[in-house]
Number of protein chains: 2
Amino acid sequence: MPVTAEPTASTKREEILEAAEAMIRTRGYNAFSTRDVADAVGIKAASVHYYFPTKADIGSAVTERYTARFIDELGDSGRFEGKPKEAVARYVDAFRRALVHDRKLCLCAVLGAEVGGLPENVSGHTRIFFERNLNWLTAAIRGKGMSKEKALGMATLVLASLEGAMILSKSLNDDEVFERVAEGLSRAIPVAELD
Amino acid sequence: MPVTAEPTASTKREEILEAAEAMIRTRGYNAFSTRDVADAVGIKAASVHYYFPTKADIGSAVTERYTARFIDELGDSGRFEGKPKEAVARYVDAFRRALVHDRKLCLCAVLGAEVGGLPENVSGHTRIFFERNLNWLTAAIRGKGMSKEKALGMATLVLASLEGAMILSKSLNDDEVFERVAEGLSRAIPVAELD
DNA sequence: GTCTATAATTTGATAGAC
DNA sequence: GTCTATCAAATTATAGAC
C-alpha cells in the first residue's frame, strides 16, 4: 500500500466529494459552485465534470456517501437490545463528533432545510438518510416488551432533537446548546421506558 | 378602512417580504432571486431595489418581521407561571400552525442550517430569533422552585426538537413525524419537573 | 485526466426616463 | 414608484485539444 499525500481522500473523485460535503455542510447546497470545488482540490471547473456530469450528481453522491459512512459508524443496532439509554448515548456521540470534531452541521440537517430547492436525486437521498437513521434508532431502542410505536416515537424525538440542536448550536455559536439538548434527552429516555 | 385585494399584505413592500419569506422557507436563502420575488408580486426586478437596496436587506427584513410576528403570537410568557406543560403545549401549537397551515418550515430552521452561507445581517437576525425564543420559553416554563438552568435546559430541548421535527416532517413528507415529536415532548416535560 | 475556450443563462445591481 | 436598458460577474455545462 503506497503512502499517499491525502490520508482522508485517496482519489481525486473522493477529494471532490470531501470538498463538496464540507461546503454544503457549511453554507448549503445552493451556495457552492463547481468552481469552488475545483479550486479546493486544485483542478479546473471543467475537470470536475469528468467525474460528475452535473452538480446534482455531486450532491447526490455526497449524500449517499455520507449516509453510508454515518450508518456504518453507528455499528450494529442489535447490541443495544433492551438498553435504550446506551443506544441513545451512542447515537448522541455520533452527532457530537460531527459538530465538535468537524465543526459542521449534519449534512442532512442542511439539505433537509433546503429540501424544496434541491434537485430530486439529492432530496431523495436526504429522505433515505432520515429513514435509515429512524430504522437504526428504533431497532436500537426497542427492547422486549416495548411496542414498536413507542420505540419509533422515542427514535423520532432523538433524531429531531439532535438535528435541531446542531442548528441552534451553530447559529448561536455555542456548543453548550448541543450539550443541554443531549442532557435533556438522557433525562427523557429512561422515564419514557416506564409506562 | 378600505377593502383591499390582499388581506395579508397591504403594501408592495410587505408583498415583497411575504413572497421572499415563502421562498426562503421553501427553498432556502440562496435559491431565490430578486427576479423571482419581482415576478411573484407583479413588478420588475429593478423595482424591488427601490424598496430594498440589496438582497441581503430583503433577507434581513424578512427575518426581523418573522421574529416579531412569531414572538407576538406567543403572547405573554408570564401567564404560564408554574405550568410548564401548558407553556410547551402553547409553543408546540405555534410550530404546528407554521408547518400544517403554511405547509412550510420555520424560517429560522432554514436560515440556521445555511448560516455559513448567509450575509451577516441575515445570520445576525437568525441568531436573535433563537435567543428570543429561548428567553420566552425559559420564562414560560420556569415555575417557583425551578432553577433557571433547569428551565433553560427544557426550553432548549423543546426548541431544538421542534425545529428538527419540521425538517424531518418536510423531508419525509409526513406530518405524523411532527406529531410523534410533539407527543414525545409532552411525555418528557412533566417528568423533568419532578427532580 | 486535465486543460483552454466558449456558450447560454442567471444574478445582483445601477442609471436614468417617465 | 415603476419601467427599460444595461452591466459585470458568476454559474453550469460542452467541445475539443493535449
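Excluded from the calculations below are hydrogen atoms, water molecules and symmetry mates; all remaining heavy atoms, backbone and side chain alike, are included. Here is how names work: the chains are called A, B, and so on, in the same order as the sequence lines, proteins then strands, and each is numbered from 1.
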Check: [X]/[Y] side-chain N/O donor and acceptor closer than 3.5 Å:
X: S60(A); Y: D57(A); value: no
X: S161(B); Y: S161(A); value: yes
X: D36(B); Y: S33(B); value: yes

Rounded interatomic separation in angstrom, taking [atom1] from [X] and [atom2] from [N]:
X: I43(B); N: dG1(D); atom1: CD1; atom2: P; answer: 12 Å
X: E15(A); N: dT2(C); atom1: CD; atom2: C1'; answer: 14 Å
X: N30(A); N: dT11(C); atom1: CG; atom2: C1'; answer: 13 Å
X: D57(A); N: dT14(D); atom1: CG; atom2: P; answer: 10 Å
X: K55(A); N: dT11(D); atom1: NZ; atom2: P; answer: 9 Å
X: K44(B); N: dG1(D); atom1: NZ; atom2: P; answer: 20 Å
X: D39(B); N: dT2(D); atom1: CG; atom2: P; answer: 15 Å
X: E14(B); N: dG1(D); atom1: CD; atom2: P; answer: 14 Å

Which nucleotide wins on minimum distance to the side chain of [X], given the candidates [options]?
X: R35(A); options: dT12(D), dA13(D), dG1(D); result: dT12(D)
X: A46(B); options: dT14(C), dT2(C), dG1(D); result: dT14(C)
X: Y51(A); options: dT12(D), dG1(C), dG1(D); result: dG1(C)
X: T34(A); options: dG1(D), dT12(D), dG1(C); result: dT12(D)

For the ring pair F95(B) and F70(B), is the centre-to-centre distance below 6.0 Å?
-> yes

If we fit an axis to the first five pairs and another to the last five of the helix from dG1(C)-dC18(D) to dC18(C)-dG1(D), what angle do they make, to the nearest 10°?
-> 10°

Which part of the nucleic acid does F52(B) contact within heavy-atom distance under 4.0 Å: base, sugar-phosphate only, or nothing?
-> nothing

Across the strands shown, which category fits S33(A) at heavy-atom distances under 4.0 angstrom: base, sugar-phosphate, nothing?
-> sugar-phosphate

When P53(A) and D36(A) are each assigned the nearest nucleotide of DNA chain D, the 5'-most assignment goes to D36(A)

Which residue pairs pass the salt bridge (charged side-chain N to carboxylate O under 4.0 Å, His left out) test when at least one of the two sits in residues 110-130 of chain B, sequence neighbours left out?
-> R127(B)-E131(B)

If you group Ile, Leu, Val, Met, Phe, Trp and Tyr by side-chain heavy-atom gaps below 4.5 Å, do L152(A) and W136(A) land in one group?
-> no

Phosphate oxygens OP1/OP2 of dT2(D): is one of them under 4.0 Å from a side-chain N or O of Y50(B)?
-> no

Side chain R25(A), main chain L105(A), donor-acceptor under 3.5 Å | yes

